[in-house]
Structures are given as structure tokens and as C-alpha cells.
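Single-structure report; data block below.
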2 protein chains.
Amino acid sequence: MPGRQPGLTNESAGHLAEAAPSSRGATRSQVDAAIRSGLLTGRFIPGKAVTIRGLAGELGVSPMPVREVLQRLSAENALEVKRNGRVQVPDMTRDRFEEVLTARLLLEPELAERALPHLTLQDVKTLTALDDDIDQRIVGGDAEAYMRLNHAFHFHIYRASASKVLLPLIDSLWLQFAPFMRTVYGRVGTASLVDQHKEAIRAIELKDSAALRAAISGDIADGMGLLGKEILESATAG
Amino acid sequence: MPGRQPGLTNESAGHLAEAAPSSRGATRSQVDAAIRSGLLTGRFIPGKAVTIRGLAGELGVSPMPVREVLQRLSAENALEVKRNGRVQVPDMTRDRFEEVLTARLLLEPELAERALPHLTLQDVKTLTALDDDIDQRIVGGDAEAYMRLNHAFHFHIYRASASKVLLPLIDSLWLQFAPFMRTVYGRVGTASLVDQHKEAIRAIELKDSAALRAAISGDIADGMGLLGKEILESATAG
DNA sequence: CGTGTCATTTTGTGATCACAAAACCTGAAC
DNA sequence: GTTCAGGTTTTGTGATCACAAAATGACACG
């Protein structure tokens, strides 16, 4: 931990993992990872204001790196800066939801197909293990773990593509819909969840691009299309 | 200009437009607009380092808002933070170029189609005027003006969609390829430029979605596919 | 009990500071 | 001329400060 406070010693160490202390921008990286993970697993509630000093206090760092990370995430549309400067997780609307769904269906099958040639037997084993874990969490009703593992499953595939353009775009999309989906699972539970992970794994084993595209598309439709639509149609606010 | 320097009066006023002085985050907005516009018109050279204090000095502001804007643009992959902390316009590679092209072809026709119902006769007039101006700049060889106007043409269409998801993704893509395209025009000139703007305008007049999709796709292929590919194949570095 | 007003606190923003790492320049040694 | 060591300068980062706008709470008034 780079102790660099002019007038105050780094008391109480904060809650951040005490990982690699050196390296340029290490604090910002850790804050970034912490908040991103919090968004993806639904630990932030849409509409609830997020304060710089609040987060800085929780993470045991100064407001500076938090400010930069919040700006960063706002640029990815994972957070929203309102006119008065407050930043919050944007609440979902029907239009936004439909756009995210469209964008996912356009981009994710494409990137999965590009990843296919790079996926090895070892990846298949990893994905199978992740999927087994996911199935257990679904019946166990652990929504947060489900979201974390489902993200891990998809991005283990996508990352194999070594993409520098499509992958960040999809990253942004996940950050946008994840907090909302968390509230959905909080209402309807995880029991009704279905996915097409096994179809995707099979397609990877067979190196069948068309089947993989279909599995990814179907998985997206299963996960978002079924659940989210109805929720948004019944109530105005997510 | 919010004069708020504790130990120094705001000497020399800087080059920033002296627009709306109040409002939260006004300085950051101006810095953001200035750098974005600089990227889109190719005033930054890929590979060349961009320094916080340097930009702050040019714009006549403190390093703080520049830092935040640079982080913001890095999150959109318009800039790249290297391991040592330096930030620069990423230089183009063949893979990156191909991915940007793919993403544009997937997203932009879709968003144009969504914008179509909202486009009025007034918009057609605006687009026609822009296109006329573009044609003149092409023969005049003014690459910077061409890039600014071409961006204005496309985004005048896209913005009509009132999109909150697809539009920012496309924004990010333009920021990524614009600086590279500027270097391309610098080499081969603008004389060889062709576009399908007139086909797009005609499709908008007729409210023909399929024709509009085709025009946008064709325009993208004309603008990027023809020029960029060869450049990248001849030399390793852009 | 609701409502408007004023003081207090919280919060974002821009600025400056201190420090370490990186980049840069200089010059001696071979 | 090249290379490597050294010191100097530049640069990003994290921290803190000061200020204004916004949010919050208290309290009198109807």
C-alpha cells in the first residue's frame, strides 16, 4: 500500500485487498475492480445515489481514485451523472432494455464465433465446471453467485478471442443490464432461470460456429427476453 | 469562467470558449468537448503521448478536469493508458481495424433504421446541406473539415433515434478509428473519397429502411474498407 | 398535521501539493 | 561513435483544501 498521505498516516488500512502494492495506478485498479464487480453482481441498487466520499471511505482510500473510476464507469454508461453531479446506477426503462437486448444479440454471437478457433479442450473443462456450479447456485437461490458465474462463463468464451474492440463494447453492455437483472432475480427468484450453456459447450467441442451462435443468441433471449420484458411492462420503474 | 484558484488568479484566460460559466462540471464538459473534437478531426497523432499538464496548459485549466476526461476517454477506448501511465492515441492494427469495421457494420445500419421514423423533412434538408458541404471539402482537400462534417452527417441521423445504448457504442467506435483515418487521408489525400450519402438521403425521403441500411453499410465499406485495408497491409505501423 | 423557511451538513468540483517512477539529457569511459 | 552511468526534469498518482451548489434537518407558522 503506497503510504503517501502528507498529513496523516494510513490508519486502519481499509478493506481493499492488500495485493500488489507497487505499480502505477494500483489503487485505481483495485477501486475499479471493486466497483465493477459490485455492479456485475448487483450490489448497487439502481436509482440509489453513489457518493464519492462514501465509496472512498468503504474502500479505505482517498476520494481521488474513486472520482476517476466513477468518471470512467460513467463513460461506459454503467453509471449516470445527473445534472446536479450526483452519480447513480441508471434505472432501467423499456426502451433501454430493448436496446441492450438488440446490441447483445448483434455483438455477442459474433464475438463468440471469433473466439471459437482459440478455445481449447481445457477451456471446455473450465466452462463445464462453471456451468455445473451455475446450476447448483440456481437451485440454491444464490442470485449474486449466479450473476458472477454467468458473467465468468460468457466472458471466458469472449476473452479467448483476444478482441480489443468488440469485447469492451460487450463489457459496457453487461455493466448496463446487470444491476437491473439483479433486482429482477430478487423478485422472481432464480428457480425459473434457464440457459443454453450446455448447448454452447457442445458447439465448442464440435467447433460448430453456427451452433455456437445459436446457443449464445438463445441464451441471451432466455436470460433477458423472458424475464425482463414482463417486469418492465407491469411497472414503470424497474 | 469559475475563478477558483486558491493561490493564483486566472491569468491569461486560456483558449477555452468562455461559454456558460456556471453549472456543475462546466469545465470538465468543455475539456471533454475540446479533446473529443480533436480526436474526431484528427488533431491528435496515434502513438504520440498526450500529457495531462500539457493539455491543461493549452486549455488554460488545472490538470484536474483533464485527468478525469482522459480517464473517461480511455474507458471508451479512444485513448490508451500504457503500463507506465502515459496515455496516447492507440495506433491502429490490422486486427483492430477489422473489428471496428465489423462492429460498425453490425450497429450503424441498425441504429439508422431505428432513427428513420423520427427523421423529418427538415432533417433531410440539413443532411443535404451537410452533404453538399462535404463534397466541396473533398475536392478542396480539407481533410479536417471533411472528417468533422462526415461525423456530423452520420450522427445527425443516429441522434434522431434518441438511443441511449447503441449511440454511445457507435460513438466509441468513431473515436477509435477517426485518428487513424486522418493519417490515411494525410497520405492519399481526399480526392479518392466516395460515399453513399445521397443514397442515404434518398432512402430517408422514401422512408425505405432496407435502402437506408444498404446505404449506411455501403458508406461504411466505401469509407473504411477501401482505403484502410491497403494502408495497413503495406506497413506494420499505421 | 402539513408547509414553507432558514441554518447545517453533505457532496461534487477545481486547484494545489508531495512523492515516486519514468523519461530525458549529459558526459565520461571505452 | 557507442554505451552506460549519473543527475535533472517531466509526468502520473494519491491526497488534501476551498468553495459553491445541493441535500438535509430543524423549526416556526398556518
Side-chain angles (χ1 to χ4, degrees), chain A residues 1-14 16 18-32 34 47-75 79-88, chain B residues 1-14 16 18-32 34 47-75 79-88:
Chain A
M1 194 76 57
R4 208 186 294 165
Q5 293 93 338
L8 172 65
T9 100
N10 190 355
E11 41 133 353
S12 91
L16 270 185
E18 63 291 309
S22 58
S23 181
R24 205 91 165 193
T27 307
R28 184 172 57 215
S29 293
Q30 293 179 16
V31 170
D32 188 273
K48 197 75 157 293
V50 166
T51 68
I52 295 177
R53 287 174 173 88
L55 273 172
E58 286 180 29
L59 297 170
V61 299
S62 97
M64 275 300 317
V66 178
R67 275 170 70 169
E68 295 188 345
V69 168
L70 256 42
Q71 287 294 324
R72 200 163 237 281
L73 290 167
S74 301
L79 294 172
E80 176 187 27
V81 283
K82 312 197 70 176
R83 187 135 26 74
N84 47 1
R86 297 295 280 271
V87 24
Q88 64 175 51
Chain B
M1 194 78 54
R4 209 185 293 164
Q5 293 92 336
L8 173 65
T9 100
N10 190 355
E11 43 132 354
S12 92
L16 271 184
E18 63 291 309
S22 57
S23 181
R24 205 90 165 193
T27 307
R28 184 172 57 215
S29 293
Q30 293 180 16
V31 171
D32 187 274
K48 198 73 156 292
V50 167
T51 68
I52 295 177
R53 287 174 172 89
L55 273 172
E58 286 181 29
L59 297 170
V61 299
S62 96
M64 275 300 316
V66 178
R67 277 171 69 169
E68 295 189 345
V69 169
L70 257 41
Q71 288 294 323
R72 199 166 239 282
L73 290 167
S74 301
L79 295 173
E80 176 186 27
V81 282
K82 312 196 72 176
R83 187 133 30 74
N84 47 359
R86 297 294 280 272
V87 25
Q88 64 176 52

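Atom set for the values below is all heavy atoms of this structure, side chains included, hydrogens, waters and symmetry mates excluded. In the text below, chain A, chain B and the rest are named by the order of the sequence lines, each starting its count at 1.
Here D:dG12 presents its P atom at 11 Å from CZ of A:Arg28, a figure rounded to the nearest Å. Taking atom NZ on A:Lys82 and atom P on C:dT10, their separation rounds to 22 Å, with Å as the unit. Atom CZ of A:Arg72 and atom C1' of D:dT13 are 14 Å apart (whole Å). When the C1' atom of D:dT10 is taken as reference, atom CD of B:Gln88 falls 17 Å away, rounded to whole Å. Across the protein-nucleic acid pair, A:Arg83 atom CZ and C:dT11 atom C1' stand 17 Å apart, rounded to whole Å. As rounded to whole Å, 13 Å separates atom P of C:dT11 from atom CG of A:Leu70. Atom NZ in A:Lys48 sits about 16 Å away from atom P in D:dA23, given to the nearest Å. The CD1-C1' distance, from B:Ile52 to C:dA15, rounds to 14 Å in whole Å.
B:Leu59 and B:Ala34 make their closest contact through CD2-CB, 4.1 Å (heavy atoms, listed as atom of the first residue, atom of the second, distance).
Five base pairs at each end of the helix from C:dC1-D:dG30 to C:dC30-D:dG1 define two local axes, and these are offset by 20° (rounded to 10°).
For the pair A:Met64 and A:Gly85, nearest-nucleotide mapping onto DNA chain C gives the more 5' position to A:Gly85. When each of A:Arg86 and B:Gly54 is assigned the nucleotide of DNA chain D with its nearest heavy atom, B:Gly54 is the one assigned upstream, toward the 5' end.
Taking side-chain N and O atoms only, B:Ser62 has a distance below 4.0 Å to OP1 or OP2 of C:dA15. Regarding contacts with the backbone of C:dA23, a side-chain N or O of B:Asn84 is found under 4.0 angstrom from either OP1 or OP2.
Counting only heavy atoms from C-beta on, A:Thr51 has its side chain closest to C:dG12 among D:dG14, C:dG12, C:dA22. Closest to the side chain of A:Pro65, from the set D:dG12, D:dA15, C:dA15, is D:dA15. Of the listed nucleotides (C:dT13, C:dA23, D:dT13), D:dT13 has the atom at the smallest distance from the side chain of B:Gln71.
On a pure distance criterion of 3.5 Å, a polar donor-acceptor pair joins the side chain of A:Arg67 and the base of C:dG14. A donor-acceptor contact under 3.5 Å is formed by the side chain of A:Arg53 with the base of C:dG12.
Two residues are said to be in side-chain contact when any heavy atoms from C-beta on lie closer than 4.5 Å; A:Asp32 and A:Arg72 meet this criterion.
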Stepwise side chain to side chain contact (heavy atoms under 4.5 Å, CB included) check, B:Ser74 with B:Glu80: CA-CA 6 Å; B:Ser74 301; B:Glu80 176 186 27; over 6 Å; no

Side chain to side chain contact (heavy atoms under 4.5 Å, CB included) between B:Leu79 and B:Gln88, intermediate numbers included: CA-CA 6 Å; B:Leu79 295 173; B:Gln88 64 176 52; over 6 Å; no

Stepwise side chain to side chain contact (heavy atoms under 4.5 Å, CB included) check, A:Lys82 with A:Val87: CA-CA 6 Å; A:Lys82 312 197 70 176; A:Val87 24; over 6 Å; no

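Within the model, atoms CD of A:Gln71 and CG of B:Leu70 stand 12.0 Å from one another, a figure rounded to the nearest 0.5 Å. Here the OG-CZ distance, from B:Ser62 to B:Arg53, works out to 11.0 Å after rounding to the nearest 0.5 Å.
For B:Glu68, the side chain to side chain donor-acceptor pair (under 3.5 Å) partners two or more places apart in sequence, or in a different chain, are A:Arg67, B:Arg28.
Counting any heavy atom pair closer than 4.0 Å across all strands shown, B:Val50 reaches sugar-phosphate atoms only and no base atom.
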